[in-house]
Participant: 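Sharing a structure, written as structure tokens. Questions coming.
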Amino acid sequence: MKWGKRIGAAVVGMAAVLGVVVTPAQAVTAANLNAAPDISLANIKAHLSSLQTIANQNGGNRASGRSGYTASVSYVAQKLRDAGYNVTLQTCTSCAGQSQNIIAEWPQGDANQVLMLGAHLDSVAAGPGINDNGSGSASILEVALTLARENPTMAKRVRFGWWADEESGLRGSKHYVANLPAAERTKIKTYLNFDMIGSDNWGYFVYDDVASVKSVFDEYFSSIGIQTEGDTEGDGRSDHASFKSAGIPVGGLATGAGYTKSAAQRTKWGGTAGAPFDSCYHRACDTLSNIPDTPLEKNSDAIAYAVWKLAVGTSTGPDFSLGLSPASGTVQPGQSATVTVNTATTSGAAQAVSLSASGLPAGATATFNPASVQSGASSTLTIATSASTPNGTSTITVLGDGTAVDRTAQYTLTVGNVSVRTFSNGTDFALNDYATVNSPITSSATGNAVSPVKVTVTGTHTCSEDLRISLKAPDGSTYSVKATGSLPCTDLGTRTYSVPVTNEAASGTWTLVLYDAYAQDTGTLDSWSITV
């Protein structure tokens, strides 16, 4: 159960019992505690596990300008695209290796009033940076994904940023702010920063740069019985400083870094006095084992509370949500992508919703079946490209034109081999009578596999029409590569097959399965490759 819901209801209920007058401010607090969703700790930990794996596979760190940072950007950006965010990868020319910032905006709410949340995505070179700053990065990622799933009525626009090269002088956030036109800067009404919110000897620190912003977080922590302190250790040392210097109001949370916990702070929060808040600060031991659940869970719920209080509006009439599944896809020119358009009635009565699409690449068309639904029903969107459709990535906006309100969702369409890669496996399997060979390849390609998948097999086999070949996708789905008897009885040699797949993730383990269905054959599988 969410602590905020329990405490908020208890405050109002006890006030009524005791005959205490509840002020408007108190009533708003309770209402917002009820409105803000619980942020899944399990999902945040899953993001952190992925960041740890990325570090393990890339020299033990995710430092800006290195492969671990690039892989971290790919992971976060894909999650956001799949959820329907408008995602921009901004190259920071002053950052190590010209690393990229991730900017993601939820396409609802007043675009002239922006609430922005940010966290630096890079680690130091000494370790994987799971608390510094996987904790902030994973938490705002899950808040962003929760906002997309909940899809509430928005009063303000919400924008998220994951910054490059914070560890070398706040370079990513400085680059972003410096390149914002003056008119765009004024649209950002508040910037909230989250740098280290899962320290192992934690405290609860709230940025005290702007009293009205600090009060939002203090309001939440007070409701669950936690005292906070102003964050002196982080003053000027994290990405909020880039925004503060541009005159943008800032706030944020932290659980402490290398400073030492006092006896008074131990009395307030528990833990160990005389020890640093994070025993692995900027060290190789800043791994998954360095990050406890308690501060991570409470701080992530506090972030959601702030977003819902500062940016989410209240629906006063019939309303509906609009979502796409999947939210992205890749096709070759002349092929089609199929998308399920889901609607749900979020308040009031169901309403008629007419569907349309804009932002299509040249030569592409969009059709809906049906073209109009009652909110709560679904439609199938088919995006058909032509042979002349150019390669590239387009953001297609799907509009749901309701009788009371309009809603939109974004679909990212990639045409051509923009993200297609070939993966090979040099194997040496004997093909034995009535025996099965399972040969895997691990693909790290991003997005969905391009259909048809290309499979190239090299080997020998004296009667290949009795060699049954299939392809198993990462989710376990099996596709026939060649039906029995489809080829004459000749050597296998090198053959390339086209395999139609349906909405398969490109990344993961693909397995080529070969079964010899005939006695007295001889042969080997020498190698194979897959283009996804």
Participant: Between Ser168 and Asp165, is there a side-chain donor-acceptor contact under 3.5 Å, judged purely by atom types and distance?
Facilitator: yes

Participant: Could you work out, with side-chain hydrogen bond (donor to acceptor under 3.5 Å, both in side chains) as the rule, every residue matching Ser279, not counting sequence neighbours?
Facilitator: Asp200

Participant: Are any non-hydrogen side-chain atoms of Lys189 and Met116 less than 4.5 angstrom apart?
Facilitator: no

Participant: Report yes if the side chains of Val114 and Thr190 come closer than 4.5 Å at any heavy-atom pair, otherwise no.
Facilitator: no

Participant: Hey, does Glu166 have a side-chain heavy atom less than 4.5 Å from the side chain of Ser238?
Facilitator: yes

Participant: Find out whether Met196 and Asp278 are in side-chain contact, i.e. whether some heavy atom of one side chain is under 4.5 Å from a heavy atom of the other.
Facilitator: yes

Participant: Not counting sequence neighbours, which residues clear ring-ring contact (aromatic ring centres under 6.0 Å, His included) with Tyr411? List them please.
Facilitator: none

Participant: Provide the full list of salt bridge (Lys or Arg N to Asp or Glu O under 4.0 Å) pairs with a residue in residues 44-64, sequence neighbours left out, each pair given once.
Facilitator: Lys45-Asp293

Participant: Do the side chains of Trp163 and Leu121 get nearer than 4.5 Å, heavy atoms only?
Facilitator: no

Participant: Sequence neighbours excluded, which residues qualify as side chain to side chain contact (heavy atoms under 4.5 Å, CB included) partners of Glu297?
Facilitator: Leu41, Asp301

Participant: Can you tell which of Ile44, Ile303, Val158 makes a side-chain contact (heavy atoms from CB on, under 4.5 Å) with Val143?
Facilitator: Ile303

Participant: Quickly, which of His120, His240, Arg237 forms a side-chain hydrogen bond (donor to acceptor under 3.5 Å, both in side chains) with Asp195? Name it, please.
Facilitator: His120

Participant: When the side chains of residues 203-211 are checked against the rest of the protein, which donor-acceptor pairs come out under 3.5 Å, sequence neighbours left out?
Facilitator:
from: Tyr204; atom 1: OH; to: Trp202; atom 2: NE1; distance (Å): 3.3
from: Tyr207; atom 1: OH; to: Asn193; atom 2: ND2; distance (Å): 3.1
from: Asp209; atom 1: OD2; to: Lys244; atom 2: NZ; distance (Å): 2.7

Participant: Please, which pairs that meet salt bridge (Lys or Arg N to Asp or Glu O under 4.0 Å) have at least one residue in residues 101-122, sequence neighbours excluded?
Facilitator: Glu105-Arg157, Glu105-Arg159

Participant: Checking the side chain of Ser477 only, and the main-chain atoms of Ala473 only, is there a donor and an acceptor separated by less than 3.5 Å?
Facilitator: no

Participant: Parallel, tilted or perpendicular: which one describes the rings of His47 and Tyr75, with boundaries at 30° and 60°?
Facilitator: perpendicular

Participant: How long is the straight-line distance from CG of Asn179 back to CD of Glu184, given to the nearest 0.5 Å?
Facilitator: 12.5 Å

Participant: Which pairs count as ring pair (Phe, Tyr, Trp, His ring centres under 6.0 Å) when at least one residue sits in residues 134-157, sequence neighbours excluded?
Facilitator: none

Participant: Enter the distance from Ser74:OG to Ile54:CD1 here, rounded to the nearest 0.5 Å.
Facilitator: 8.0 Å

Participant: State, yes or no, whether a side-chain contact exists between Arg407 and Thr153 at a heavy-atom distance under 4.5 Å.
Facilitator: yes

Participant: Going by the angle between their ring planes, with limits at 30° and 60°, are Tyr191 and Phe243 parallel, tilted or perpendicular?
Facilitator: parallel

Participant: Just how far is it from atom CG of Leu48 to atom OG of Ser137, taken to the nearest 0.5 Å?
Facilitator: 9.0 Å

Participant: Keeping Gln90 on the side-chain end and Asn101 on the backbone end, is there a donor-acceptor pair under 3.5 Å?
Facilitator: no

Participant: Sub-3.5 Å donor-acceptor pair from the side chain of Asn201 to the main-chain atoms of Pro276, do we have one?
Facilitator: yes

Participant: Does Lys261 have more than 12 heavy atoms from other residues, nucleotides or ligands lying within 6.0 Å of its NZ?
Facilitator: yes

Participant: Do Phe217 and Leu192 come within less than 4.5 Å of each other through their side chains, counting heavy atoms only?
Facilitator: yes

Participant: Taking salt bridge (Lys or Arg N to Asp or Glu O under 4.0 Å) as the cut-off, I'd like each qualifying pair that reaches into residues 126-142, sequence neighbours left out, listed once.
Facilitator: Glu142-Arg149

Participant: Tell me the disulfide bond (SG atoms under 2.5 Å apart) pairs involving residues 172-270, sequence neighbours left out?
Facilitator: none

Participant: Assess the side chains of Ser123 and Asn61: does a donor N or O sit below 3.5 Å from an acceptor N or O?
Facilitator: no

Participant: Determine yes or no for a side-chain-to-main-chain donor-acceptor pair under 3.5 angstrom, with Ser375 supplying the side chain and Ala344 the backbone.
Facilitator: no

Participant: With sequence neighbours left out, what residues match Lys156 under salt bridge (Lys or Arg N to Asp or Glu O under 4.0 Å)?
Facilitator: none

Participant: Between Ser378 (side chain) and Asn342 (backbone), is there a donor-acceptor pair under 3.5 Å?
Facilitator: no

Participant: Contact between Ser139 and Leu296 at the side-chain level, heavy atoms closer than 4.5 Å - yes or no?
Facilitator: yes

Participant: Going by the rule salt bridge (Lys or Arg N to Asp or Glu O under 4.0 Å), which residues pair with Arg66 if we only count those two or more places apart in sequence or in a different chain?
Facilitator: none

Participant: According to ring-ring contact (aromatic ring centres under 6.0 Å, His included), who are the partners of Trp510, at least two apart in sequence or on a separate chain?
Facilitator: none

Participant: Any side-chain to backbone donor/acceptor pair from Ser222 onto Glu219? Under 3.5 Å, distance only.
Facilitator: no

Participant: Examine the side chains of Ser64 and Ser99 and answer whether a donor and an acceptor come within less than 3.5 Å of each other.
Facilitator: yes

